[in-house]
Number of protein chains: 2
Amino acid sequence: MNKRPKILIVDDEEDIIEILKYNLEKENFEVRGAMDGAAGLEMAHAFKPDLILLDIMMPKIDGIEMCKQIKDSGKLPDTMIAFLTARNEDFTHITALESGGDDFINKPIRPRVLISRVKALLRRTAKKEVDAIVNIKDLTIDREKFSVYKGNQEIVLAKKQFELLNLLISKPGKVFSREEIFNKIWGPDVLVGDRTIDVHIRKLREKLGENYIKTLKGIGYKFEF
Amino acid sequence: MNKRPKILIVDDEEDIIEILKYNLEKENFEVRGAMDGAAGLEMAHAFKPDLILLDIMMPKIDGIEMCKQIKDSGKLPDTMIAFLTARNEDFTHITALESGGDDFINKPIRPRVLISRVKALLRRTAKKEVDAIVNIKDLTIDREKFSVYKGNQEIVLAKKQFELLNLLISKPGKVFSREEIFNKIWGPDVLVGDRTIDVHIRKLREKLGENYIKTLKGIGYKFEF
DNA sequence: TGATTTTTGCCAAATATGTGACATAGTAGA
DNA sequence: TCTACTATGTCACATATTTGGCAAAAATCA
């Protein structure tokens with residue numbers, strides 16, 4: 001890592017901020033604090049931290065609301081948010097994750113745990129790229145050149161076949177329902193029979209081999225890796 | 001949010017209803033009140049609220065019973081239920097959770113807290129999307145990949161089996177009545193024999209192992225964690 | 001114990017998908 | 001223009017898998 005990661009702590013208890021700050025600075029992070037949601041929001045946009053540690057229960061704007069505003073604004077796409085919560089607040093956990101938070105850390109906070117969680121979260125930030133060339137299993141898909149290699153053997157795919165493969169590997173492992181496939185490849189208006197997808201899948205399988213595309217009956221298809 | 005969320009308050013103290021109503025209406029919610037469980041049930045089905053605030057201690061039908069009846073009927077799948085409880089009633093917390101409640105709000109009620117909890121709960125309703133990946137015991141359920149892992153052993157489930165498991169773990173520990181399961185998985189119209197669920201449960205148990213799904217005779221099934 | 005409910009093994013019906021043969025349309029090259 | 005070729009889509013039928021159901025056995029409750 002080339003620069004000191006920046007962390008913003010938002011909590012209405014000054015003591016907590018101080019303790020966290022002390023521990024994190026010891027690990028060479030750059031730390032700032034804010035004592036309520038409004039101040040936190042402002043500082044988030046000015047300071048552009050890599051990570052925000054956010055207490056849920058706060059006056060004025062609560063942590064969840066603040067998180068939502070940050071995530072919705074889209075202005076800090078690379079900032080991770082972790083909630084600080086009291087134990088036994090299972091419900092808030094769920095809401096917190098739904099608001100777009102990336103993790104939560106239970107109070108009372110144990111410094112060791114805190115540090116390792118923080119580091120783990122920052123590692124996640126580091127890699128976030130989408131590429132024109134995807135390698136998966138022994139396949140290489142080049143979205144720009146419109147070509148697919150198995151090992152270094154080129155496989156020529158027809159357009160629909162390529163689109164289909166491309167869709168499936170856009171989220172390897174994810175199951176795509178037939179409906180989703182129709183909508184994404186044929187568009188919502190085109191009307192084709194329901195055997196059509198099977199046929200294309202079959203042709204793909206003929207060219208690629210049997211061990212890439214898996215059928216889940218009644219559910220859809222997925223690329224297996 | 002496009003429409004005014006509807007809230008039903010059920011409490012045997014008129015004062016409480018009035019105070020809550022006043023505060024919630026100020027926030028632009030549509031509020032109704034009922035003074036006992038029976039009336040509450042009736043109004044719940046007629047009014048179809050987004051959220052029910054439910055006192056636990058009530059004459060005739062208590063709050064927990066009322067909650068159970070609503071959740072078991074499966075007819076108001078999108079209605080959240082929050083209990084109003086006096087502090088230090090931990091034991092009721094557990095029962096209340098198992099009855100399917102979604103949150104608790106402690107009395108005495110502080111309007112600020114009330115409002116923010118209510119908003120949080122409604123946010124949950126709106127964004128129906130739950131986490132794609134759930135970990136529980138040694139199981140990992142990935143809703144996107146439509147797959148289940150026990151440790152790192154993949155277990156392949158058929159659609160209905162997956163749906164069933166998914167329902168059960170959506171509230172671990174909660175007892176799902178057969179009726180609720182029917183309504184949620186088959187929908188209110190489909191007609192299948194009442195041994196059908198058992199059969200699917202069996203197949204799930206065959207695949208997962210015996211220690212996950214517990215039968216409560218005459219009541220229903222639950223996922224034990 | 002008897003009554004009720006659930007589990008289980010076995011099987012049948014319903015459904016979804018795979019496959020081969022074929023129709024159509026578009027395209028490139030002669 | 002014609003021909004040969006390919007991509008796409010369709011159909012009918014074969015197959016595989018899932019789902020639902022019954023009845024006997026087992027478990028549980030009262």
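Atom set for the values below is all heavy atoms of this structure, side chains included, hydrogens, waters and symmetry mates excluded. Below, read A as the first sequence line, B as the second, and so on, with proteins coming before strands; counting in each chain starts at 1.
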### Query
When you check the gap from the basic side-chain N to the acidic O, do B:D78 and B:K48 get nearer than 4.0 Å?
no
### Message
With a cut-off of less than 4.0 Å, is there a side-chain N or O of B:W186 near OP1 or OP2 of D:dT19?
### Response
no
### Query
Is any side-chain nitrogen or oxygen of B:H200 closer than 4.0 Å to OP1 or OP2 of D:dT19?
no
### Query
Given C:dT19, D:dG21, C:dG18, which nucleotide is nearest the side-chain atoms of A:T215?
C:dG18
### Candidates D:dG21, D:dT10, D:dT18 - which lies nearest the side chain of B:V192
D:dG21
### Task
Decide whether a cation-pi geometry holds between B:K137 and B:Y212; the criteria are a distance under 6.0 Å from NZ or CZ to the six-membered ring centre and an angle within 45° of the ring axis.
yes
### Query
Picking from C:dG18, D:dG9, C:dT6, which would you name as closest to the side chain of B:Y221?
C:dT6
#### Entry: A:T196 side chain near D:dT10 phosphate (N/O to OP1/OP2, under 4.0 Å)
yes
### Query
Out of C:dT7, D:dT19, C:dG18, which nucleotide sits closest to the side chain of A:R195?
C:dG18
### Query
Which sits closer to the 5' end of DNA chain C, B:R202 or A:E210, going by the nucleotide each is nearest to?
B:R202
### Message
Under 4.0 Å between a side-chain nitrogen and a carboxylate oxygen: does that hold for A:K174 and A:E180?
### Response
yes
Report all interatomic pairs (protein N or O, nucleotide N or O of nucleotides 28-30 of chain D) with separations under 3.5 Å.
| from | atom 1 | to | atom 2 | distance (Å) |
| --- | --- | --- | --- | --- |
| D:dT28 | O4' | B:K217 | NZ | 3.2 |

### Query
Out of D:dG20, D:dC11, C:dT17, which nucleotide sits closest to the side chain of A:R178?
C:dT17
### Task
Tell me, yes or no, whether the heavy-atom count around B:N152 atom CG, taken from other residues, nucleotides or ligands under 6.0 Å, exceeds 12.
no
### Task
Validate the cation-pi geometry between B:K6 and B:F47: distance from NZ or CZ to the six-membered ring centre under 6.0 Å, angle to the ring axis within 45°.
yes
### B:R4/B:D50 salt bridge by N-O under 4.0 Å criterion
no
